[in-house]
A.B. asks: 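A single structure is presented below for examination.
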Protein chains: 2
Amino acid sequence: MASHTPVPAALDVIAVLQALADPVRLDLVRQLRETDTAIACGRFDTRVAKSTLSHHFKTLREAGVIATHREGGQALNTLRSAELEASFPGLLDAIFRRAHS
Amino acid sequence: MASHTPVPAALDVIAVLQALADPVRLDLVRQLRETDTAIACGRFDTRVAKSTLSHHFKTLREAGVIATHREGGQALNTLRSAELEASFPGLLDAIFRRAHS
DNA sequence: GGCCGTGTTCGACGTTCATGGAACAGCGGG
DNA sequence: CCCGCTGTTCCATGAACGTCGAACACGGCC
């Protein structure tokens, strides 16, 4: 299951930065941030294989950047904005203010 | 030479995040940020070998996070705070507000 | 039950990376 | 001139990473 990955107790700076320091993952986070609604794994705009996508989601989940909850047949992903803002206020703002591509 | 590495024209988000997403490098940046003065490569508080340290400095330099200028017998490193703030305002603040090595 | 859509897991492959030792270059001081 | 200090480069090694295809698990739906 997707929710099998435990949510980290405290957000680790290195883990979060490593999770965001990848073009594909940063783009996923960007899409989550733009819509601000839960997005199923298969609905993202990306060119990588679905197994690769699943791996990236796992990385983001383990870093505490996103949360995944099953609903119906699909896994809905949400950005953990509140937790990120609590640990690193302004981080995503700083990254995406100029982050294109 | 240290100054042989050209300063990147525009700061790349991925490169900056990758540069900061390493415990050793993040600690180097933290030390530079705390003192806010130029620090020679050998003056940093770290446990890695000097060749490893040189490699990390190269990474930080190529990402545009730090600048190195030779003076006397040693290479003085400075944090490129202005450029970082211009490209990603509040990034370092967000990272180090809670980043306790 | 059988099928299909959705995600995850499992190798596997190639690349990148962090690390350290050794050798080298530049520079200053005796 | 030679020695010591500082930092870089070269090479090697082991680990981690990104990528994909195939196989599997789960849940609706006909």
Side-chain angles (χ1 to χ4, degrees), chain A residues 1-7 12-32 37-63 65-78 101, chain B residues 1-7 12-32 37-63 65-78 101:
Chain A
M1 311 178 189
S3 57
H4 205 248
T5 311
V7 170
D12 179 27
V13 201
I14 299 296
V16 170
L17 290 178
Q18 273 180 346
L20 298 177
D22 178 272
V24 176
R25 287 194 294 263
L26 192 63
D27 198 57
L28 297 178
V29 174
R30 202 206 78 239
Q31 294 180 39
L32 272 175
T37 49
I39 305 181
C41 297
R43 302 271 184 165
F44 285 83
D45 182 17
T46 176
R47 279 85 67 209
V48 298
K50 65 174 181 175
S51 58
T52 306
L53 203 55
S54 187
H55 161 255
H56 283 311
F57 279 125
K58 184 184 176 190
T59 302
L60 289 170
R61 242 179 271 131
E62 288 179 350
V65 176
I66 68 172
T68 305
H69 60 282
R70 298 211 99 81
E71 189 166 329
Q74 43 198 11
L76 297 181
N77 302 282
T78 56
S101 93
Chain B
M1 310 174 190
S3 57
H4 206 249
T5 311
V7 170
D12 178 28
V13 201
I14 299 296
V16 170
L17 290 178
Q18 273 181 346
L20 298 177
D22 178 272
V24 177
R25 287 194 293 264
L26 191 63
D27 198 57
L28 298 178
V29 173
R30 200 205 80 239
Q31 294 180 39
L32 272 176
T37 50
I39 306 181
C41 295
R43 300 274 187 172
F44 284 84
D45 180 16
T46 177
R47 283 84 67 209
V48 299
K50 66 174 179 176
S51 59
T52 305
L53 203 56
S54 187
H55 160 255
H56 284 310
F57 280 124
K58 184 183 175 189
T59 301
L60 288 171
R61 245 179 269 131
E62 289 179 349
V65 176
I66 68 171
T68 306
H69 60 281
R70 295 212 102 82
E71 187 165 331
Q74 43 198 11
L76 297 181
N77 302 282
T78 57
S101 92

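Each chain gets a letter, A, B and so on, in the order its sequence line appears, and its residues count up from 1.
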A.B. asks: When B:V65 is tested against each of B:V29, B:L28, B:N77 for side chain to side chain contact (heavy atoms under 4.5 Å, CB included), which residue passes?
C.D. replies: B:V29
A.B. asks: If you take all heavy atoms of A:A63 and A:A19, which pair is closest and at what distance?
C.D. replies: CB-CB, 3.7 Å
A.B. asks: Please confirm whether the shortest side-chain N or O distance from A:R47 to OP1 or OP2 of D:dT19 is below 4.0 Å.
C.D. replies: no
A.B. asks: Choose from C:dA18, D:dT19, C:dG21 the nucleotide whose nearest atom is closest to any side-chain atom of B:S51.
C.D. replies: C:dG21
A.B. asks: Does OP1 or OP2 of D:dT6 have a side-chain N or O of B:R70 closer than 4.0 Å?
C.D. replies: no
A.B. asks: Of the nucleotides D:dG7, D:dC20, C:dA18, which has the atom closest to the B:R25 side chain?
C.D. replies: C:dA18
A.B. asks: Roughly how many Å is it from CG in A:L76 to P in C:dT8, rounded to a whole number?
C.D. replies: 12 Å
A.B. asks: Where the side chain of A:Q74 is concerned, which of D:dT19, C:dG7, C:dG21 is the nearest nucleotide?
C.D. replies: C:dG7
A.B. asks: Do B:S54 and D:dG7 share a donor-acceptor pair, side chain to base, under 3.5 Å?
C.D. replies: no
A.B. asks: Where the side chain of B:C41 is concerned, which of C:dG7, D:dG7, D:dC20 is the nearest nucleotide?
C.D. replies: D:dG7
A.B. asks: With a non-hydrogen cut-off below 4.0 angstrom, is A:R43 in contact with a base, only sugar-phosphate, or nothing?
C.D. replies: nothing
A.B. asks: Base, sugar-phosphate or nothing for A:H56? Non-hydrogen atoms, less than 4.0 Å.
C.D. replies: sugar-phosphate
A.B. asks: In whole angstroms, how far is the P atom of D:dC20 from the NE2 atom of A:H55?
C.D. replies: 12 Å
A.B. asks: It should be established whether B:R61 places a side-chain nitrogen or oxygen under 4.0 Å from OP1 or OP2 of nucleotide D:dT8.
C.D. replies: yes
A.B. asks: Looking at every heavy atom in both A:L20 and B:I14, which two are closest together, and how far apart are they?
C.D. replies: O-CD1, 4.3 Å
A.B. asks: Scan A:Q18, A:H56, A:H55 and name whichever one has a side chain to side chain donor-acceptor pair (under 3.5 Å) with A:R25.
C.D. replies: A:H56
A.B. asks: Could you pick out which residue, A:V24 or A:G73, lies toward the 5' side of DNA chain D when each is mapped onto its nearest nucleotide?
C.D. replies: A:V24
A.B. asks: The side chain of B:K50 lies closest to which of these nucleotides: D:dT19, D:dA22, C:dA23?
C.D. replies: C:dA23
